[in-house]
Amino acid sequence: MDFDLTEEQQEFRKAVREFSEEVIAPRAEQMDRDEELPLDIVKQMGQMGLFGLPFPEEYGGQGADFLTFCIAVEELARIDSSMAITLEAGVGLGANPIYADGTEEQKRRWLAPMCRGEILGAFGLTEPGGGSDAGSTKTTARLDGGEWVINGSKAFITNSGTDITGLVTITAVTGEGDGGHKEISAIIVPTGTAGFDVGKSYRKVGWHGSDTHELSFNDCRVPEANLLGEKGKGFAQFLRTLDDGRVAVAALGTGLAQGCLEESLKYAGQRHAFNRPIGAFQAIQFKIADMRVAVETARLATYQAAWLKDQGRPYKAQAALAKLYASEIAVTCAREAVQIHGGYGFMEEFPVARHYRDSKVLEIGEGTSEIMRWIIARDLGLPESNA
Amino acid sequence: MNIVVLVKYIPNPEGTPEMGPDHRLKREGVEGALDPGDEHSVEAALQLAGSDGEVTLVTMGPEAAVGALRRGLSMGGHKGVHVLDDSLKGADVLVTARVLAAVVKRQAGFDLVLAGVESTDGYTGTLPMAVAELLDLPNVTFARKVEVADGTLKVERQTEAGYDEVECPLPAVVTVTAGANEPRYPTLKGIMQAKQKPMDTLSVSDLGLSAEDVKATQEVMGLEPVAAKEAGEVIEDPEEAPGRVVEFLTKAKVI
Ligand SMILES: Cc1cc2nc3c(=O)[nH]c(=O)nc-3n(C[C@H](O)[C@H](O)[C@H](O)COP(=O)(O)OP(=O)(O)OC[C@H]3O[C@@H](n4cnc5c(N)ncnc54)[C@H](O)[C@@H]3O)c2cc1C
C-alpha cells in the first residue's frame, strides 16, 4: 500500500498550482463577471499539455495516467471551477469518446488538435426533455445517401459554443433494436455544419466562465463515416465516458473544497471579533476541522477510483461513490466557508462566494447525486428500481 | 546556439526567508524553488537556442539546489551542472563567480551566458558582471529583448527612460529582465524527460579550483532589520497643500 504520489506527479501538481495561482487567480473574478471563457488561458493550458494529459503521445497527448489528469483538474478547481470544468469537459467529454471509440482516422483528425487545446470538443447527451433518463433520447439520425440526417436538440452542453469549438459528439436514435428498444448511436458533428445551430448562452448560477449552450439540429447532414464507435452501441459507450468523467468531477469537487478550506483557514486567522481572531472560537475551528476531514476523504475516494481505472480494474461504483461524496462535500464546504466569512462571504470580492455558486452544479452534472446513489445501490445488489 | 544559463535555487520565494545563526539565509531543509527571476533567463535561452541549439543550466548550491536545475530541464533545458561542495557554504559573490566562471569555461563552444538581473534572495545584482569579468567577456545588463543575427548579439537594454539598443560580439554574458518574456510552465512530458537528461555534479577540485580560490572574502558580522519607513504626512488644507508639496519635492531634490 502506498499513498505517495510519484515525484513527477508532485512536481507536476506544483506546476499546475503555480499556473492556477499566477495566471487564473488574478482573472477569476473578471471572467465570472463577464460570463466569458478566456480563450487565451485555454491556449496556455493547451501549451502546458493539460488537454492531452491522459492520451498517448502518438496523438499529441502527454501519456499520463488518469490520476495525473485528476490532479490537474483538482489544482485548477482549487482556484477556479470554470477553468477546471473547461478542462474536465474538454478531456473527459470532448476528447475521451473519440479516443475510446474513434477510428484511427477520427483520432488522427480530431484528437491531436484537442490534445493541444487548439480546438475544444463537446459531448451532447442531455436533451431539454431529459438528462438522467438518457435512454429517452429524442434526437434522431437517419441515413440518407451516405449521410446522417440529424434532427433534435441538446441542452446544457459544455464547451459547445466557443470560438475554438471543433466538434460535438451527440447521441441520437438511429433505429429500433431488439424488443422495440431504441437503438442509440454516437455521431460526430463538426462545428459549422449546416443545420447545426448553437443557441445563446444560458444565464447560469455558477461556472460563469465556462461555455454552455443549447444546440439544435435541423436536417443537419454529416458523412456516414462520422459515426463514432458502433451503430447501436451509443448507450454503452457514453455510460463508459460518464464513468471516467465522474472521477474527474470528483477531483473538481475535491479541489473546490480544498480552496474553501484554505480560504477559511486564512480568514479565521485574520478576522477578529470579541477581541480575538474568529479562529479561536471552537464553533469556527470545528467547521474548519470538518472541512479538512471532508477534503481528505474525498481526495482518497477520488484517487482510489482513478487508480482502479489506471489499473484496468472495474471502477464504476467507485467512480459514482467518489463523485457523489466529493460533490456533496464541495457544496457543504463552500456553504460553511461563506458562513465563516460572514457578510464578506456573500460579497463577490471573496473567492468563497464564487465557490459557493460554482459548487451546486457538481451534484447535478455528469449524473445527479440520486443517480449516483442508484448506481451504488445496484452495485450492492439491491433490486432494480428504474426498470 | 549553445547557451549557458546561470540559475539559483532560493528558499521559499513567496514566504519570509529564515536566517540561520551564522546570519545567513537558511538554505537547507526548507522548501525552495528556481529563482522566479531565473525563469526568464531560462525562457530566453530556450527561445534563442531554437531546435538545434543546446541549453546548459548551471547552479552552485546545496543538495536541494538540484531542484533549480530540474525545473529548468523540465522547461526544456538540455543538461545541468551542479556544483556541490561543503567548502562553498557561505560563499560570497566573488567566490560564486569564480566557481560559475570555471564551470562556464568547461562548456566547449558556448555562445552566450544568460543570467537573471539579480537573485530574489540576495539582491546584490553583481554576480553576472563578476562572471563576465573573470571570463573576460563583454557583459550587457537589463536585457528586455535578446536577439542574435549574423553572429552578433542585439539587445534592447532597459533603462529608466526607455531602452538602449546594444550590439555586441559573442560570446557574451547577458542579464535578462522579468519583462523579457513570459516563462513557460513545464508540461508533464517535460517533467518526465527532465529525469533522463544528463546532470553533472562537480566539486571545487573537479573545477581545478583551490581552497584559497573559494575562501569567502566577506564575513557577515550581524543583522539589523531595515529601519521602518517614517509615517507619511497628511496635509488636509487644500490652500496649504500645493506649496507644501513643492517644498517637499524641492527638499528631496526631485524638482
Ligand atoms: C452547467 C451544466 C453543464 C452541463 N454540461 C453537459 C454536457 O456537456 N453534456 C451533457 O450531455 N449534459 C450536460 N449537462 C446536463 C447534466 O448532465 C444534466 O442536467 C443531468 O444529468 C440531470 O439531467 P436533467 O437536468 O435532465 O434532470 P432530470 O433528469 O430531469 O432530473 C430531475 C431530478 O430528478 C431526479 N431523478 C431523475 N431520475 C431519477 C431516478 N431514476 N431516481 C431518482 N431520482 C431521479 C434527478 O436526480 C433530479 O433531482 C450539464 C448541466 C449543467 C447544469
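Convention: sequence-line order gives letters A, B, ...; per-chain numbering from 1.
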What residues, two or more places apart in sequence or in another chain, satisfy side-chain hydrogen bond (donor to acceptor under 3.5 Å, both in side chains) together with R24(B)?
->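 Once residues adjacent in sequence are excluded, R24(B) has no partner under the side-chain hydrogen bond (donor to acceptor under 3.5 Å, both in side chains) criterion.
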Listed by residue number, which members of [range] have a heavy atom under 4.5 Å from any heavy atom of chain B?
range: residues 39-49 of chain A; value: Q44(A), Q47(A), M48(A), G49(A)
range: residues 304-312 of chain A; value: none
range: residues 68-79 of chain A; value: T68(A)

Heavy-atom count around [X] [atom1] within 6.0 Å, excluding the residue itself: above 12?
X: E36(A); atom1: CD; answer: no
X: R17(A); atom1: CZ; answer: yes
X: E63(B); atom1: CD; answer: no
X: F142(B); atom1: CZ; answer: no
X: K26(B); atom1: NZ; answer: no
X: K197(B); atom1: NZ; answer: yes
X: E21(A); atom1: CD; answer: yes

Side chain, backbone, both or neither of E18(A) within contact of chain B (heavy atoms, under 4.5 Å) |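 Its backbone and side chain both get close to chain B.
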Checking L50(A) against chain B: side chain, backbone, both or neither under 4.5 Å from a heavy atom?
->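 Nothing of L50(A), per the 4.5 Å heavy-atom cut-off to chain B.
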Which value, rounded to the nearest 0.5 Å, describes the distance between Q10(A) atom CD and I191(B) atom CD1?
->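 Result: 11.0 Å between the selected atoms.
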Basic-acidic side-chain contact under 4.0 Å: E8(A), K189(B) |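 No, this pair does not count.
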R184(B) versus chain A, the contacting section by heavy-atom distance below 4.5 Å |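 Answer is neither: R184(B) stays 4.5 Å or more from chain A.
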Would you mind reporting whether E11(A) and M192(B) have side-chain heavy atoms less than 4.5 Å apart?
->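 With C-beta onward as the side chain, the pair stays apart.
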Note, V23(A) side chain near Y185(B) side chain (heavy atom, < 4.5 Å) |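 Heavy-atom side-chain distance check passes, below 4.5 Å.
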